[in-house]
Amino acid sequence: MSKVLLIGAGGVGRVVVHKLVQNKDTFSHITLASRRLESCQVYQDEMITRYGVHIDIAQVDADSVDELVELIKKVEPDVVLNIALPYQDLTIMEACLITKTHYLDTANYEHPDTAKFEYKEQWAYHDRYKDAGIMALLGSGFDPGVTNVFCAYLQKHYFDEIHTIDILDCNGGDHGYPFATNFNPEINLREVSSNGRYWEDGEWIETKPMEIKMVWDYPQIGKKDSYLLYHEEMESLVKHIKGLKRIRFFMTFGESYLTHMKCLENVGMLGIEEVEHNGCKIVPIQFLKTLLPDPKTLGERTKGKTNIGVVAKGLKDGKEVSYYLYNVCDHQEAFKETNSQAVSYTTGVPAMIGAKMMCEGKWMSDGVWNMEQFDPDPFMDELNKQGLPWHIENLSS
Ligand code: NDP
């Protein structure tokens, strides 16, 4: 029975609250905190209506280590779940270190002024977390998160050596808007408008945004254009998967999405630097976020499925083998259960499972860890129980 403090009452936060409450045997006490108390109040009411369960709520500015420390001392959680934005990772990690509290997040640290994401600054906490006797679990969403666990599972049960990995992320959902993003628009657009990057023979190879395209036939969805992007889980997987020679990440985008994005980029709306407008300063991409539909409101309108998985090739008992491990999630089913579309659902469920692994002691080790560094089996079992069942196909010829 564990006490948890969840920070960030956004789209993903909503799913995490639902799943924590559904797992009351593990999570005996839940506090939800966010920048705006009214965001928390909506979910507090939802938990009463849906499950008759009361959760505590609190206001916190997670950019302030002092405010976080004060809140953590008051709540005394066993683990803090950071479901706010990647900008807050370091302040929340610091507050957890000061209060000696376990930490979990779903995305690696990004500085608001540089559209660049890497684990360096979070990995730098490893020794201090170890000395403090606490654990940080990094990237417990779907990708990163489940994709890392899929790789660890394949490595453990299906391969002696994995040579290549392609992570394939398809959102086959349609929300009916000309243009909207399925999670925080600022984070999403920064990610997809950046240069692509993949790793081969020990080196990172940079590509222009959307330069490399392939068509993949996604089970239960169909053929979709898929574009090579840089994605953060590759940084840790290249360190932890034995014998790896190449790893790439592909995400599907429709033509309309790409045309809108190109146009917004061309007129400067994806800019992350402040500009002067009518005597006040605005950051274009933040203003764009204000104009776009809130991802939290997409759930009801979105129909279709997501399919995220991993194709690995390598050797087993001296023979070349290839496996495809994936999950399919239905937007409408996710909405029925949690009032959220599948992109939030597929992130929020693994965040809860990661916390469950820690609170039940199945994944518990002092220091800062990525998902593939733990035994994948108990996590894979939970995916099947908690709404994200997986499938494996043998693609070996
Ligand atoms: P949202 O923008 O919907 O939610 C973020 C919430 O964080 C907001 O509701 C906001 O609260 C809160 N917040 C922002 N700044 C602060 C602050 N300074 N202090 C306290 N609270 C703050 O984003 P999502 O829910 O879509 O995404 C949440 C996280 O999940 C992100 O880090 C994202 O990168 C990650 N993610 C990971 C994925 C994965 O597969 N690994 C996939 C998708 C997302 P308020 O409403 O109170 O202002």
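Sequence positions, counted from 1, serve as the residue numbers for this chain. Just follow the structure's listing: the first ligand is 1, and inside any ligand the first atom is 1. The model shown is predicted, which means the values in this text are computed figures rather than measured ones.
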Tell me whether S340 contacts the main-chain N or O of Y345 through its side chain, where contact means a donor paired with an acceptor under 3.5 Å. no
When you measure from the side chain of K224 to the backbone of Y218, do you find a donor-acceptor pair of N or O atoms at a distance under 3.5 Å? no
So, for Y125 and Y103, is the gap between ring centers shorter than 6.0 Å? no
Can you confirm if the aromatic rings of F179 and Y177 lie within a centre distance of less than 6.0 Å? no
Taking atom NZ of K100 as the centre, report whether more than 12 heavy atoms of other residues, nucleotides or ligands fall under 6.0 Å from it.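 It does not: K100 NZ has 12 such atoms or fewer within range.
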Does K313 NZ have over 12 foreign heavy atoms under 6.0 Å away?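 12 or below, so no.
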[X] neighbourhood, listing ligand 1 atoms whose heavy-atom distance to it stays under 4.0 Å:
X    : value
I187 : 34 (O)
S39  : 45 (P), 46 (O), 47 (O)
V60  : 19 (N), 20 (C)
A107 : 32 (O), 34 (O)
P86  : 31 (C), 32 (O), 34 (O)
D61  : 17 (C), 18 (N), 19 (N)
I83  : 28 (C)

For [atom], what's the nearest protein heavy-atom neighbour? Residue, atom name and distance, please.
atom                    : answer
atom 7 (O) of ligand 1  : A84 CA, 3.5 Å
atom 21 (N) of ligand 1 : R35 N, 3.1 Å
atom 42 (C) of ligand 1 : T347 OG1, 3.1 Å
atom 3 (O) of ligand 1  : G11 N, 3.0 Å
atom 12 (C) of ligand 1 : S34 OG, 3.7 Å
atom 4 (O) of ligand 1  : G10 CA, 3.2 Å
atom 27 (O) of ligand 1 : V12 CG2, 3.7 Å
atom 5 (C) of ligand 1  : L85 CD2, 3.8 Å

Among R36, E232, Q88, which residue places a heavy atom closest to atom 48 (O) of ligand 1?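 Considering heavy atoms of R36, E232, Q88, the nearest to atom 48 (O) of ligand 1 sits in R36.
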Would H163 and E320 count as having a side-chain donor-acceptor pair, cut-off 3.5 Å?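 Absent: no donor and acceptor within the cut-off.
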Test item: side-chain donor near acceptor, D377 and H157, under 3.5 Å: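 Indeed, the side chains of D377 and H157 share at least one donor-acceptor pair under 3.5 Å.
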Salt bridge or not for K223 and D217, using N-O below 4.0 Å?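 Here K223 does not pair with D217 in a salt bridge, since their nearest N and O are not under 4.0 Å apart.
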Closest heavy-atom contact between Y326 and E393? OH-OE2, 3.0 Å
Quick one: look at N184 and ligand 1, take heavy-atom pairs under 4.0 Å, and tell me if it's side chain, backbone, both or neither.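 The answer is both.
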Could you tell me whether some N/O pair between [X] and ligand 1 is separated by less than 3.5 angstrom?
X    : answer
A62  : yes
T106 : yes
P144 : yes
K289 : no

With hydrophobic residues grouped by side-chain heavy-atom distances under 4.5 Å, do V69 and L6 end up in a single group?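 No, because V69 and L6 fall into different hydrophobic clusters, even though each may have its own neighbours under 4.5 Å.
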Determine whether any heavy atom of A9 lies closer than 4.0 Å to an atom of ligand 1.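 Flag set, A9 near ligand 1.
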Quick one: does P295 get a heavy atom under 4.0 Å from ligand 1?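 It does not, in that no heavy atom of P295 comes within the 4.0 Å cut-off of ligand 1.
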Can you say whether the rings of F379 and W363 are parallel (under 30°), tilted (30 to 60°) or perpendicular (over 60°)? parallel
Between F250, Y324, Y227, which is the residue that forms a ring-ring contact (aromatic ring centres under 6.0 Å, His included) with W216? Y324
Residue of the set F249, W204, Y198 for which ring-ring contact (aromatic ring centres under 6.0 Å, His included) holds with Y230: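 Going through F249, W204, Y198 one by one, the ring-ring contact (aromatic ring centres under 6.0 Å, His included) with Y230 is satisfied by W204 alone.
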